[in-house]
Amino acid sequence: MSKYIPKSLEKNWQKKWHEAGLYKVDLTDSKKKYYLLVELPYPSGDLHMGHWFTFAVTDILGRLKRMQGYNVFFPVGFDAFGLPAENAAIKRGINPRDWTYGNIETMKKQFATMGGMHDFEHGVITCDPEYYRWNQWIFIKMLEKGLAYRGKILSNWCPKDQTVLANENVEAGRCWRCGTEVVQKEVDQWMLKITDYADRLLWEDKQNFVLLHGFTGRPDKNFFPWLKEALETKGYRVQVPALPDPDDADPMEQIKYVLENCDFDQNTVLLGHSLGAVVAMKVTEALKTKIAGLVLVAPFIEPKFRDHPRPFEKKFNWEFDFKKIKSNISSAITVGDIDDSAVAPAHVKKAAEVLGAELVMVKPNIDHFTGHQEPEVLKQLLSLNKTSQIDWPQPVREGQNNWIGKSEGVIIKFKVKDSSEVIEVFTTRPDTLWGATFIVLAPELDLVFKITTSDKTKEVTAYQEKAVKKSEMERKENKEKTGVFTGAYAINPLNGNEIPVWIADYALAQYGTGSLFGDAHDDRDVEFAKKYGIALTPTVITGDVERDARIKNKEEVFTGYGTLIESGKYTGMSSVEAKRAVIADLVHAKSAEVFVNYHLHDWSISRQRYWGTPIPVIHCQKCGTVPVPEKDLPVVLPEIKDYSPQGKPPLAAAEEWVNVKCPNCAGDAKREVDTMDTFVDSAWYFLRYVDPKNEREIFNKQLVSRWAPVELYIGGAEHTLGHTLYSRFFVKFLHDIGVVPFDEYAKKRVHHGVILGPDGARMSKSHGNVVNPDEQVDQFGADAVRMYLAFLGPYDLVAPWNPTGIRGVYHFLQRVWELNEKVDGYQSTVEGKSKKTVNRKSITHNLSAADLFWMHKTIKKVGEDVSSIKYNTAVAALMEWLNYLSRKAHGGKILHDEYETLLLLVAPFAPHMTEELWQKSHSFTHFDAENSVHKQAWPVFQEQYIKEEKVIIVVQINGKVRENVEVETGADQVAVEKLARASEKIQNYLTGEPKKVIFVPGKLLNFVI
RNA sequence: GCCGAGGUGGUGGAAUGGUAGACACGCAAGACUUAAAAUCUUGUGCCAGCAAUGGCGUGAGGGUUCGAGUCCCUCUCUCGGCACCA
């Protein structure tokens, strides 16, 4: 057999696969679908290690799923609009389109060297008019719904790029692309009203629980008090209703009681114990909203008990609508006692079957789960958490929630003394209003002019001018608070106190109403008040005497909730009570209104650049802003000569294009010259991937509802607040206008890591630490690069490239290659070709128990680990098995079945090499798609082989390992103890009788002395 | 300041509350070689010991447990994000 030389072999297979159309996907195929999505790349013209990490490693999963019988769709397109193309065009005097398409061609060629199953036929290129046409279509739909509007807002402005930047594109006060310091400038912008979707974009995933006790049970009996506490310490809301007549229960009454007295929402988990499980099922059946899950502990669906009949049996008709119950829950678990004295395991099993629920049989602390603690119940209750349909990482959910920043509060109206003006102040802490001693307005507010007294005008104007000039950066850097008094006083609507009104730049014009009241329970307010000698009145105390003394003395600022003092009629109330009372009183007096404030702002999509989607509106002098009629879409970008912005957007120079007739009145009109933010392009591309060439509609709705949501979305953690939030917004909008039936587009989101340069710094040309994948491929082959990236560590790892590390997997591949020689039933010929000479069936039975154990353990491990994005341990498992096979081959041969299985398991990782070996080992004379190793089915692992006959039991003395004994699987404590006590080592420790002996079957024996 | 993720050998990293360090890199010794590379074999957490073996060991300190890298509390450091959000 020849040496393993990846270079020529890989090229050869890439060509043959392509010719044979091995990876052509048919989206109308009825096989189970698997839509694999990676964030679409920007066509920079250079495929770097990061692309390999995301696309080549994800290809491993795609190939596995394909072998497992899924119809895998793995499209790749290009995010082709955006500044770099335009900057390149300006710099080199070329057309951004030529630059972009040239780069795409280069990158496609580079992509081919990965040997992946990526589908470029479906991958859209976002600068293609047939794609951005539908950006324009969506924009017009949003315009119709009032979600797109024109607003003048203070925006982040990059003076170098001459464009507006979204908050997400400002990094530490600088433009994310060019690093120029961003300034604040008021600009006319097209905005998308993402704030209308703020509530729906929140991840409401905090579960709450309703626990139903059983016959003769009580909320304070059995495990209920313990379980309630355990859940509450974890921060969950728990309801444990006392069901009517527990000792002579009428199930119908109990069901009615629960429905009337408990709250249910989509995050509720309902638990029922024994008869409570029956009640729980009937409650679920009657619910109008879907709940998160049902946990049934020792349930039954017929009145048949092992011990004796129960009085409730005849009060209930024992009919369930299981279909209805199933449709009202996302998932269900039934937990049974393996030797319950009342409810037979068969009954529990039956309940599980009719509900399609997971069945867990355990040994509870006390028979029929009546112990004070039943940890298994808690465990199952919490395990339901992870079975949510939409599986996005917790940090993303929390990050997006924080960014949306919902805060519920009130807007309070302060009358200005001797004036008709009113100052509106947003607060979430109306309980501290009584103690308000000043008001602060953001300097930019127009209101400032109206209330400033004449003697203060000079100072106020001077401060305002200074504040406006300050860039965002300076404002943030300068933590020292500044401000000036306006001379005006406002009247506290709660107690009539007159308090001074100041302006200060720590009040942000963009947040809330741009004004706040200051009191003794906010660090910033206290800092400001102390600096300017403004009085403070502490009104909230904790109950801790020492601490309260400090708070009253203003030595400590208490910002939490507590009890009110010095607050008139509210004194003595808790903060929560006081909040409620103050809001009620003020709303009644029309001095306040309840208000929900969001940190999230509307999305400004206007860009004063050329290389983007033209915004499809026409400005008519008579009719105003008129959308371009659908039939006239797309509005195609015109060719222009000069792409550099010169105080006005480059498109303004395309006069022939700009000057149009108004679609309404046919009068002279001008086109909008701004283009769209490229985040619009990437907000819905994954839907168009399914049907990219459709000229009649945005996509075929049926096809998309069959293929989306995607199974897995791989992307960068940096897109948590930008891209993924925007795309969730777009999909929800498309859902609302009836284009798609779902409102989340990705079932699972996983972040990829970042490969740093060997020096630990981010790879960049200026650092000179770039590891070029092409060079690595040249040296070690694509298979080794793929596998090394998979092997590095967890997939979201941020770690440097280790130049010698790749040798490890290269070595692995080489050993797989050379093992071919050692396969029984093959003969090497002089030319380096092998021939199969033995019927493979005849050898199968020659596999020893250990051989089968290793084989099946590896089949299981690799399949499971790759599916759950743990490529590194999957590779490790393959290496372990290879080590086993090598040891075996050292003095003898390995069997054909083993080698063939090994090739199948390695195939997703190293597609080229395994294909070569597969073809050789089958002596195929010419390649045919059906013969490909990649068309073979994934081996099926069989449980029977991975059950070991003998196991090693660890023997411990006081928890320290002292001895190992080998016993038959399933050996009981008596047998193991006997063996352990026979050991000399153990005898040395075991002088007297142990106090206690712990036995974990199949695992360990622990003598406590 | 707030939110999130973490801290395990020389390195990347494994470990459903049950033998910590799988797998790999690196390193060391040996084999092959005139030599080197490649390859193969063996060893490799730290301390003591020729060894058998013993002690210590998952950022620090406490706790729960027969048993803790894993669960709980306090602290500390690193990374990521947000940041004067009323």
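In what follows, chains carry the letters A, B, and so on, assigned in the order in which the sequence lines appear, proteins first and then strands, with residues in each chain numbered from 1.
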### Whole angstrom value for the distance that separates P of B:C25 from CD1 of A:I806
12 Å

### Message
Below the 4.0 Å mark, does B:A24 have OP1 or OP2 next to a side-chain nitrogen or oxygen of A:N883?
### Response
yes

### Position toward the 5' end of RNA chain B (nearest nucleotide), A:A876 or A:K960
A:A876

### Query
Between B:A14 and B:G4, how far is it from one C1' atom to the other, in whole Å?
24 Å

#### Entry: Check: B:C66 base within 3.5 Å donor-acceptor of A:K995 side chain
no

### Query
Near A:K7 NZ, under 6.0 Å, is it more than 12 heavy atoms from other residues, nucleotides or ligands?
no

### Query
How far does OH of A:Y598 sit from NZ of A:K406, to the nearest 0.5 angstrom?
4.5 Å

### Query
Taking the same atom, P, in B:C46 and in B:A51, what whole-Å distance lies between them?
14 Å

### Task
Considering only NZ, NE, NH1 and NH2 on the basic side and carboxylate oxygens on the acidic side, decide whether A:E527 and A:K531 come within less than 4.0 Å.
no

### Message
Quiz question: by atom type and distance under 3.5 Å, do the side chains of A:Y884 and A:T858 form a donor-acceptor pair?
### Response
no

### Query
In whole Å, what separates the C1' atom of B:A28 from that of B:G80?
39 Å

### Query
Do A:E593 and A:K413 sit within salt-bridge range, that is, some charged N less than 4.0 Å from a carboxylate O?
yes

### Summary
Pairs under 3.5 Å (Watson-Crick or G-U), crossing ones as [ ], inter-strand ones as |: RNA chain B comes out as (((((((..(((.....[....)))((((((.......))))))((((....))))..(((((..]....))))))))))))....

### Query
Under 6.0 Å between ring centres, would you say that holds for A:F528 and A:Y506?
yes

### Query
For the pair made of CG in A:D522 and P in B:A86, what is the distance, rounded to whole Å?
9 Å

### Query
Which letter, B, S or -, goes with each nucleotide of nucleotides 40-46 of chain B from 5' to 3', with contact meaning a protein heavy atom under 4.0 Å?
S------

### Task
Let me have a per-nucleotide readout for nucleotides 6-21 of chain B, 5' to 3', with B, S or -, counting only protein heavy atoms under 4.0 Å.
------BSS-B-BB--

